[in-house]
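Following: one structure in structure tokens, then a few remarks.
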Amino acid sequence: MDSETVANGAITKPKDSPVVPGEFTFTVSKTDGRARTGEIRMPRGVIRTPAFMPVGTAATVKAMYPEQVKALGADVVLGNTYHLMLRPGAERVARLGGLHAFMNWPYPILTDSGGFQVMSLAGLRKIDETGVRFQSHIDGSRHVLTPERSIEIQGLLGSDIQMQLDECVKLPAEERVVEKAMYLSLRWAERCRVAFGEQPGKAMFGIVQGGTVDRLRIESARELVGLSLKGYAIGGLAVGEPQSDMLRTLDTVGPYLPTEKPRYLMGVGTPDDIVQSVRRGVDMFDCVMPTRAGRHGLAYTRFGRVNLRNARHAEALEPLDPQSSCVASSTYSRAYLHHLVRANEILGMMLLTWNNLAYYQELMAGLRKAISDGRLDDHIAEVKDCWARGEAQLAKNQSAS
RNA sequence: GCAGCUGUAGCUCAUUUGGUUAGAGCGUCGGAUUGUGGCUCCGAAGGUCAGUGGUUCGAGUCCACUCAGCUGUA
């Protein structure tokens, strides 16, 4: 564990992170098959890729101190247009000095455009060429989000990597629905690019859509690349389709994306999803899995998943992972975590979120090193073997008790 | 002591004038969760309807007694 984070049991003030003026750049230092490792540089810092970005929707990575998130090795967090525009409001965040100062995270921030949340959260929503009309899930108030307004909001927040507004379709869906959403997203990408203009040191990413239809994905990627953006996201995956469909879609899209630009697979995923996607050349990920699962009592570890709600942990004195450098993983007994989760105690959420993010960052660091060393496939085999052995052990303990 | 009320799943309660296999919420035991609602969803286990006896073709339901709890009263 980074001593900075736990010195004297207190969260310490982070060292100032002076903003270094400069361009937004991506350099690949090593490849292994289709996988690559490298760095995205921008004034607020460096993102080591492949990267996992903890999700900090409402200007907080839930149940974590920002200082902890950084100490775990996260170089960038995700913030959210939809949530922040509703509460506390983009203009207010701007008046308060921007999102970085507001949430005490001086490092890079990527913001989602709000398209996905409108699909997954908002009530009554209407999508047309101009944008999205929706009702807030908080108070029912009515709002309009256009591509231009989404970029404006992300600018007010001070986001370093801004996402185009897109329409994300839940799968399975009819092909014509997916196609319509893909073309609308393309037109919105162009409007977002114009609205974003030229902003040194910052980037706007486009989002490839098209469901699991190869023809649509290829068309989407081709058109987007024509806009020569600074990075390309693959959206609309892990939204209900089997993993095999997702991986096949990555295989399809990969060749159409420029190798010198970062690739971001949005909303993914489980450790296995991430490992498989890194092999296919993805550089960036974000997912609520480690944080949400943590709040619900599920731990991700080197030895697979552990559901701490389960009665079998009630008197288990061993920690989640005695070898881990993370305090939450190596010091607290499963019995204690079980109790905290059952009692719905805040500390339970904090410790499990901490453990999960630690594991995710450890997973990414391992993948980066393996790519550097040119032994990614061997490394992945080891990682998966460890999950399998852990879960077999858990099953054995269960049948024994 | 007397009178009244109450007794159904671990808990809080349903169960139309007696009528198929007594239900719900919470809890318990599992599972799901992928560009975050600490939200939510799915499945399972769990009952001698306080007990005994009676009336009836048929009783959680009606009657008697016993037990337990609550309230009032001398």
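For the numbers below, each heavy atom of this structure counts, side chains included, while hydrogens, waters and symmetry mates do not. Labels below follow one simple rule: chain letters A, B, ... track the order of the sequence lines, proteins then strands, and each chain is numbered from 1. Keep in mind it's a predicted model, so treat the numbers as computed, not measured.
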Determine the contact category for [X]: base if any of its heavy atoms lies under 4.0 Å from a base atom, sugar-phosphate if only primed atoms, P, OP1 or OP2 are that close, otherwise nothing.
X	answer
A:Arg305	sugar-phosphate
A:Ile207	base
A:Asp273	base
A:Gly56	nothing

Euclidean distance for [atom1], [N] against [M] (whole angstrom):
N	M	atom1	answer
B:A22	B:U66	P	31 Å
B:G25	B:G19	P	24 Å
B:C49	B:C41	P	32 Å
B:U15	B:G53	C1'	25 Å
B:C13	B:C70	P	15 Å
B:G7	B:U16	P	14 Å
B:G30	B:A45	P	15 Å
B:U6	B:A50	P	13 Å

So, are [X] and [Y] salt-bridged, with charged N and O less than 4.0 Å apart?
X	Y	result
A:Arg191	A:Glu148	yes
A:Arg375	A:Glu382	yes
A:Glu91	A:Arg149	yes
A:Glu175	A:Arg215	yes

Which nucleotide wins on minimum distance to the side chain of [X], given the candidates [options]?
X	options	answer
A:Ala311	B:G35, B:G30, B:G38	B:G30
A:Met349	B:U28, B:G38, B:U34	B:G38
A:His296	B:U34, B:G35, B:C39	B:C39

Classify the side chain of A:Gln209 versus the base of B:G35 as yes if they form a donor-acceptor pair under 3.5 Å and no if they do not. yes

Counting only distance, no hydrogens or angles, is the base of B:G35 paired donor-acceptor with the side chain of A:Asn80 under 3.5 Å? no

With a 3.5 angstrom cut-off on both distances, give the Watson-Crick or G-U wobble partner of [N], or none if there isn't one.
N	answer
B:G10	B:C26
B:C5	B:G69
B:U33	none
B:A64	B:U52

Hey, is the side chain of [X] poking within less than 4.0 Å of OP1 or OP2 on [N], counting only N and O atoms?
X	N	result
A:Asn307	B:G31	yes
A:Asn310	B:G31	yes
A:Arg309	B:G30	no

Protein-nucleotide distance ([X], atom [atom1]; [N], atom [atom2]), rounded to Å:
X	N	atom1	atom2	answer
A:Asp272	B:U34	CG	C1'	13 Å
A:Arg295	B:U34	CZ	P	12 Å
A:Leu145	B:G35	CG	P	18 Å
A:Glu391	B:G31	CD	P	11 Å
A:Gln162	B:G35	CD	P	20 Å
A:Leu237	B:U34	CG	P	14 Å
A:Phe116	B:G35	CZ	P	5 Å
A:Ile234	B:U34	CD1	P	19 Å

Do A:Phe52 and A:Tyr360 have ring centroids that are under 6.0 Å from one another? yes

Between A:Ile346 and A:Ala293, name the one whose nearest nucleotide on RNA chain B is closer to the 5' end. A:Ala293

Separation of A:Gln154 CD from A:Thr81 OG1 (nearest 0.5 Å): 3.5 Å

Between A:Ser185 and A:Gln209, is any side-chain donor less than 3.5 angstrom from a side-chain acceptor? no

